[in-house]
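Heads up, the thing below is written out as C-alpha cells.
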Protein chains: 2
Amino acid sequence: MASQQKTSRKAAGTAAAIRRPRSHGANGAAPNGEAGDDIGLDALVGHAGYAVRRFQLWIFQDFIKTLATVDIRPTQYSVMTVIGANPGLSQMAVAKRLGIERARLVHLLDSLEDRDFVSRVPSATDRRSHALHLTARGKTALAQFKRLAAEHERHVAEKIGKENREHLLRILASFT
Amino acid sequence: MASQQKTSRKAAGTAAAIRRPRSHGANGAAPNGEAGDDIGLDALVGHAGYAVRRFQLWIFQDFIKTLATVDIRPTQYSVMTVIGANPGLSQMAVAKRLGIERARLVHLLDSLEDRDFVSRVPSATDRRSHALHLTARGKTALAQFKRLAAEHERHVAEKIGKENREHLLRILASFT
DNA sequence: TATTGTTATACTCTATAACTATA
DNA sequence: TATAGTTATAGAGTATAACAATA
C-alpha cells in the first residue's frame with residue numbers, strides 16, 4: 001500500500017496523470033496536477049548544469065547504443081584511445097589525464113586485458129609501474145570502435161546541428 | 001606487490017611521471033611515458049560527449065561546493081524547484097519531467113521529507129498517488145538555495161564566459 | 001489490466017582508506 | 001617519506017523486477 005511505515009511517507013494523493021491517451025477521470029482539465037507537458041522548470045531553465053546534464057545523458061545513451069555490438073562504453077573507449085595514441089603510459093598518467101580514479105582504472109584495465117585489448121608490460125625504469133600498450137587485437141578493435149564512435153558523433157550533429165556541435169566543442173575545449 | 005593474482009595483471013612497468021616538481025630519474029626527457037601535459041587525446045578531441053562529460057563534472061562539483069553549507073545536491077535542488085513551481089504534482093509526474101527513475105525519487109523524497117522540506121499529502125481524486133508540496137520551511141529554504149544556485153551560475157559564466165554560457169543554454173534548450 | 005508508490009537487487013561510478021612493493 | 005598499483009568499502013546513481021493498493 002501507499003501508507004506509512006518508517007518516518008516519512010503519509011498516504012494517497014492527487015492524480016496528475018501524464019500524457020494519458022484518452023479519458024482520464026471526470027474533468028477535462030486534470031485535478032490539480034499537470035495536464036502533460038506544461039510542467040514548468042522555473043529556475044532550472046537558467047541553469048547550464050541542468051541542460052548539460054540532460055544532454056550528457058542523451059549522448060552517452062546514444063554512444064552505448066551505437067557501440068552496443070562491440071560492447072564498449074564511453075570510458076573504455078577513452079582509455080583505449082589515449083593508450084593507443086600514447087603507448088607506454090603508466091596507469092597514473094592515464095588516470096590523471098582522463099580524470100579517472102586510479103583505483104577505478106585498475107578494474108577498467110582488468111576487463112580490457114581480459115578481452116586482450118590492452119596489456120600491462122613491465123619496464124626497467126620503474127618497477128612499481130606498468131607501461132600500457134594496445135595488443136594487436138586491441139589496435140584492430142580500436143579502429144572499428146573509432147568508426148562506430150564517428151557514427152555516433154554524426155548522431156550528435158543531427159541532434160543539435162552541425163554548427164552548434166562545432167561551437168560547443170570550441171566553448172568546452174578547455175575542459176578536455 | 002604489482003604482480004599477478006587473478007587472470008590479468010602482469011608486473012612492473014614504465015614511469016611516465018606526471019608534472020613532477022624537480023628531478024625525476026636520470027634523463028631529462030622522461031623514459032617513454034609522457035613529460036607532463038602533452039598526452040594527446042587523439043580522437044577524443046572530436047567527441048562532444050567527452051568535453052560535455054568533463055564540463056558536467058566540473059559544474060556539478062562547483063554546485064555541490066557552492067551549496068555545501070546547506071547540504072543540497074543538484075538532483076535535490078531540481079526536485080524542490082519543480083515541486084515549488086508546480087504544487088500538487090504526483091511522484092510520477094515529477095519523475096517523468098526530470099528524467100528520474102520513480103524508484104529513485106522515492107528515496108529522494110524520503111530524505112527531503114525527513115528534513116521537513118517536502119510533504120506527501122493525500123488527495124481524494126486518486127488514492128494511489130501523492131500530491132507533493134513544499135512545506136513552509138521548504139519554501140524558505142528553497143529561496144536560499146536559489147540564491148546560492150545563482151551564485152554557482154555566476155561561477156559558470158566566469159569559467160566559460162557570459163556569452164558562451166548563454167549560447168550553450170540556447171543550443172541545449174531542447175534537452176530540458 | 002494498467003498505474004502509483006514502494007521495496008529489493010544488481011551493476012556502474014565516485015570517493016576513500018589502507019596495504020605492498022618499490023623509489 | 002613518497003609514489004604506483006592494488007584491494008576493499010561505502011555512497012550515489014541507474015536499471016529492473018516484483019508487489020500491494022487502487023484505477
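We name chains A, B, ... by the order of the sequence lines, and we start the count at 1 in each one.
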Among the nucleotides C:dA2, D:dT6, C:dT7, which one has an atom lying closest to any side-chain atom of B:His107? C:dT7
How many Å lie between CG on A:Leu89 and C1' on D:dA4, as a whole number? 14 Å
Check this one for me: any side-chain N or O of B:Arg128 less than 4.0 Å away from OP1 or OP2 of C:dT3? no
Find the distance A:Leu105:CG to D:dA4:C1' and express it as a whole number of Å. 11 Å
ILVMFWY cluster membership beyond B:Leu169 - transitive side-chain contacts under 4.5 angstrom: none
All ring pair (Phe, Tyr, Trp, His ring centres under 6.0 Å) counterparts of A:His167, not counting sequence neighbours: B:His167
I'd like to know if A:Arg147 pairs up with A:Glu151 as an ion pair, taking the criterion as any Lys NZ or Arg NE/NH1/NH2 lying under 4.0 Å from an Asp or Glu carboxylate oxygen. no
Over how many whole Å does the gap from A:His130 atom NE2 to D:dA4 atom C1' extend? 8 Å
Qualifying residues under salt bridge (charged side-chain N to carboxylate O under 4.0 Å, His left out), relative to A:Asp62, sequence neighbours excluded: none
Distance check needed: D:dT3 P versus A:Asp126 CG, whole Å only. 12 Å
Which protein N or O atoms sit under 3.5 Å from an N or O of nucleotides 10-14 of chain D?
residue: D:dG13; atom: OP1; partner: B:Arg73; partner atom: NH2; Å: 3.4
residue: D:dG13; atom: OP2; partner: B:Arg104; partner atom: NH2; Å: 2.3
residue: D:dG13; atom: O5'; partner: B:Arg104; partner atom: NH2; Å: 3.2
residue: D:dT14; atom: OP1; partner: A:Arg53; partner atom: NH2; Å: 2.7
residue: D:dT14; atom: OP2; partner: B:Arg104; partner atom: NH1; Å: 3.2

C:dC13 P sits how many Å from A:Leu109 CG, rounded? 14 Å
Considering heavy-atom distances to DNA chain D, does B:Ala103 or A:Ala103 have its closest nucleotide positioned more toward the 5' end? A:Ala103
Residues forming a salt bridge (charged side-chain N to carboxylate O under 4.0 Å, His left out) with B:Arg53, sequence neighbours excluded: none
Can you measure A:Ile64 atom CD1 to C:dC11 atom P for me and round it to whole angstrom units? 16 Å
For B:Lys139, what residues pass the salt bridge (charged side-chain N to carboxylate O under 4.0 Å, His left out) criterion, not counting sequence neighbours? none
Minimum-distance nucleotide to B:Arg102 side chain [options: D:dA23, D:dG5, C:dG5]: C:dG5
In whole Å, what is the span from the CZ atom of A:Arg127 to the P atom of D:dA2? 22 Å
Is the shortest side-chain N/O distance from B:Gln91 to OP1 or OP2 of C:dT6 below 4.0 Å? yes
If you round to the nearest 0.5 Å, how far is CZ of A:Arg170 from CG of B:Asn164? 9.5 Å
